[in-house]
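What follows is a short report on a single structure.
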Amino acid sequence: MLQRPTLFSRLSSRFASFPAFSRSIAIPYRKMAGVPSTYSDPVHIAVIGGTGIQSLPGFNLAATLTIDTPWGSPSSPISILHHDSPSGKSTPIAFISRHGLHHELAPHEVKNRANIAALRSLGVRTIIAFSAVGSLQEEIRPRDFVVPDQIIDRTKGIRPFTYFEGGMVGHVGFGDPFDENLAKIVRKCGHALEGEGVTLHDKGTLICMEGPQFSTRAESNLYRSWGGSVINMSALPEAKLAKEAEIAYQMICMATDYDCWRGEAGEDVNVEMVMGHMKANAENARRFVGAVLDELSKEEHAEQILAKHLEGMMKFAGGITHKQGRGEEVEKKLKWLFPGYFD
Ligand SMILES: CSC[C@H]1O[C@H](OP(=O)(O)O)[C@H](O)[C@@H]1O
Ligand SMILES: Nc1ncnc2[nH]cnc12
């Protein structure tokens with residue numbers, strides 16, 4: 001009888017045809033007694049933690065994976081956590097710390113391509129990303145949560161932002177940068193926590209700026225005049241790459257400051273302010289993420305967490321370059337990311 005390939009054997013055979021990346025799978029990052037460095041089942045859901053959320057305590061750590069991708073290593077080792085939902089079902093969740101385990105990566109240094117590629121290689125098709133944001137509107141107060149539905153790109157083109165370059169061209173729709181079905185689930189969970197210290201704004205336009213310096217007052221006011229709700233430095237290219245990787249992606253934002261647009265009416269943003277609010281509200285952030293994971297673990301969301309509505313999209317959106325015009329290196333990389341799409 002044919003054995004269903006385990007994730008490890010699937011990855012091994014993928015690496016076997018791409019020797020340059022064959023060595024570093026499953027090498028323990030820092031040997032932690034008793035924590036496996038391999039994981040054999042597919043993992044469909046991931047959480048990307050941002051500022052102040054370098055780990056997700058309260059979950060059972062099942063494995064710590066070090067995965068090398070054609071775009072290098074992710075920002076941090078990937079923790080596989082077992083999430084036990086109230087129904088008794090255990091669901092594996094992959095967790096990456098965007099800025100590294102010790103917040104050592106600046107926004108423009110985050111390993112976005114490797115992060116998303118490594119998650120996809122594990123089977124991830126749903127990402128909940130967390131971010132500390134500045135508020136551009138009076139009614140979005142520090143410690144409020146926002147589930148944004150739009151992004152304005154104010155990064156400066158210095159971050160690698162696509163998998164399709166160097167001889168394979170792809171164009172993916174980005175009219176809705178977040179996954180609306182996933183957003184509905186996230187909003188429902190957030191509202192269920194309201195009254196217990198959680199205030200949620202259902203929509204919002206997120207400005208993603210380059211940083212690492214915060215905005216000037218003129219910029220901050222300009223973003224307000226554009227209808228910006230909140231501002232951060234990390235939604236892009238993360239959301240673009242997730243879209244290219246056919247992964248349903250939603251960011252949950254937590255306001256930590258009013259940026260600098262209030263002038264004399266309030267103190268300008270600074271790191272202490274951001275960290276202070278993050279720390280004070282970390283428990284709510286974790287409860288929010290936990291509630292979303294509980295909900296996503298339900299059988300009724302099985303299709304959604306596999307992002308069936310996105311499956312196969314890049315075969316066409318990423319396949320416009322004729323075989324004879326393809327760059328050899330990028331073709332190898334994309335075959336690693338999308339086995340079977342570009343044969
Ligand atoms: C520490 S303030 C600026 C920093 O905070 C946000 O991080 P993340 O989105 O990863 O939570 C923002 O994007 C900046 O990177
Ligand atoms: N004011 C701000 N600008 C950009 N990123 C932020 N993250 C938290 N607050 C921020």
Side-chain angles (χ1 to χ4, degrees), residues 46-56 74-76 95-112 115-116 127-138 140-148 151-156 158-159 177-178 204-224 226 228-242 249-263 265-282 284-286 288-289:
V47 174
I48 300 182
T51 294
I53 305 201
Q54 268 101 261
S55 63
L56 270 189
S75 293
S76 75
F95 178 84
I96 286 191
S97 174
R98 181 185 289 128
H99 299 284
L101 288 183
H102 314 284
H103 205 126
E104 64 272 23
L105 300 170
H108 62 285
E109 294 170 332
V110 172
K111 316 286 182 196
N112 288 296
N115 291 351
I116 301 294
I127 294 178
I128 301 294
F130 208 89
S131 176
V133 299
S135 168
L136 297 171
Q137 302 297 335
E138 194 72 51
I140 302 175
R141 287 166 308 169
R143 304 191 194 177
D144 284 5
F145 292 92
V146 181
V147 180
I151 309 180
I152 293 177
D153 189 355
R154 283 282 299 164
T155 62
K156 300 286 164 71
I158 62 172
R159 310 173 183 191
F178 301 107
T205 297
L206 169 60
I207 309 283
C208 183
M209 61 172 297
E210 183 55 56
Q213 302 83 357
F214 292 112
S215 307
T216 64
R217 224 175 300 289
E219 286 165 340
S220 197
N221 280 315
L222 177 70
Y223 303 150
R224 276 167 54 73
W226 288 350
S229 315
V230 286
I231 181 163
N232 78 358
M233 304 174 188
S234 50
L236 297 175
E238 199 171 82
K240 287 185 174 175
L241 294 165
Y249 175 96
Q250 180 62 52
M251 186 164 254
I252 299 178
C253 299
M254 197 194 93
T256 52
D257 57 89
Y258 278 114
D259 202 39
C260 61
W261 58 269
R262 281 167 123 216
E267 196 186 345
D268 287 359
V269 58
N270 59 57
V271 168
E272 206 182 347
M273 193 185 279
V274 172
M275 300 315 267
H277 284 297
M278 263 323 294
K279 196 165 171 213
N281 217 25
N284 278 332
R286 290 200 189 96
F288 194 165
V289 173

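Counting starts at 1 for both ligands and their atoms, following the listed order.
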Taking only non-hydrogen atoms of H99 and a 4.0 Å limit, the atoms of ligand 1 in range are 7 (O), 8 (P), 10 (O), 15 (O)
Looking at S97, is its backbone amide N or carbonyl O close enough to the side chain of S76 to form a donor-acceptor pair, meaning the two atoms are under 3.5 Å apart?
yes
Side-chain contact test, heavy atoms from C-beta onward, threshold under 4.5 Å: evaluate it for I127 versus I96 and give yes or no.
no
Under 4.5 Å between any side-chain heavy atoms of S135 and D144, yes or no?
no
Donor-acceptor pair, E272 side chain versus N270 backbone, under 3.5 Å?
no
Run down the list R98, M275, M209, E272 and name the one with the heavy atom closest to atom 8 (P) of ligand 1.
R98
Ligand 2 to T256, heavy atom cutoff 4.0 Å, flagged ligand atoms 8 (C), 9 (N)
Look only at the side chain of N232 and the backbone of S234, and say whether a donor-acceptor pair between them is shorter than 3.5 Å.
yes
Between S75 (side chain) and H99 (backbone), is there a donor-acceptor pair under 3.5 Å?
no
Side chain or backbone of P107 under 4.0 Å from ligand 1, or both, or neither, by non-hydrogen atoms?
side chain
If only atom types and distance count, is the side chain of R98 paired as donor or acceptor with the main-chain N or O of F130 below 3.5 Å?
yes
For M209, take its heavy atoms, then give the atoms of ligand 2 lying under 4.0 Å from any of them.
4 (C)
Go through ligand 2 atom by atom and flag the ones less than 4.0 Å from a non-hydrogen atom of D259.
1 (N), 2 (C), 3 (N)
Between M233 and ligand 1, does any nitrogen or oxygen pair lie at a separation below 3.5 Å?
yes
Is it true that a side-chain atom of Y249 and a backbone atom of P177 form a donor plus acceptor pair closer than 3.5 Å?
no
Under 3.5 Å between any N/O of H103 and any N/O of ligand 1: does that happen in this structure?
no
Atoms of ligand 1, numbered as shown, that sit under 4.0 Å from any heavy atom of S234
8 (P), 9 (O), 10 (O), 13 (O)
Ranked by distance from atom 4 (C) of ligand 1, the top protein heavy atom is T51 OG1, 3.6 Å
For G50, the atoms of ligand 1 under 4.0 Å from one of its heavy atoms are 10 (O), 11 (O)
In this structure, atom 6 (C) of ligand 2 is nearest to the protein heavy atom I231 O, 3.6 Å
Can any side-chain N or O of N284 pair as donor or acceptor with the backbone N or O of N281 at less than 3.5 Å?
no
Heavy-atom contacts with N232 under 4.0 Å: which atoms of ligand 2 show up? List them by number with element.
4 (C), 5 (N)
Is there a polar contact between ligand 2 and G134, counting only N or O atoms under 3.5 Å apart?
yes
Note: ligand 2 atoms sitting under 4.0 Å from heavy atoms of M233 are 4 (C), 5 (N)
Salt bridge or not between D153 and K240? Use side-chain N to carboxylate O under 4.0 Å.
yes
Short N or O distance, A132 and ligand 2, threshold 3.5 Å exclusive:
yes
I'd like to check which ligand 2 atoms, numbered from 1 as shown, lie under 4.0 Å from a non-hydrogen atom of D257.
1 (N), 2 (C), 8 (C), 9 (N), 10 (C)
A132 N/O to ligand 1 N/O under 3.5 Å:
yes
Any side-chain heavy-atom pair of M254 and F288 under 4.5 Å:
no
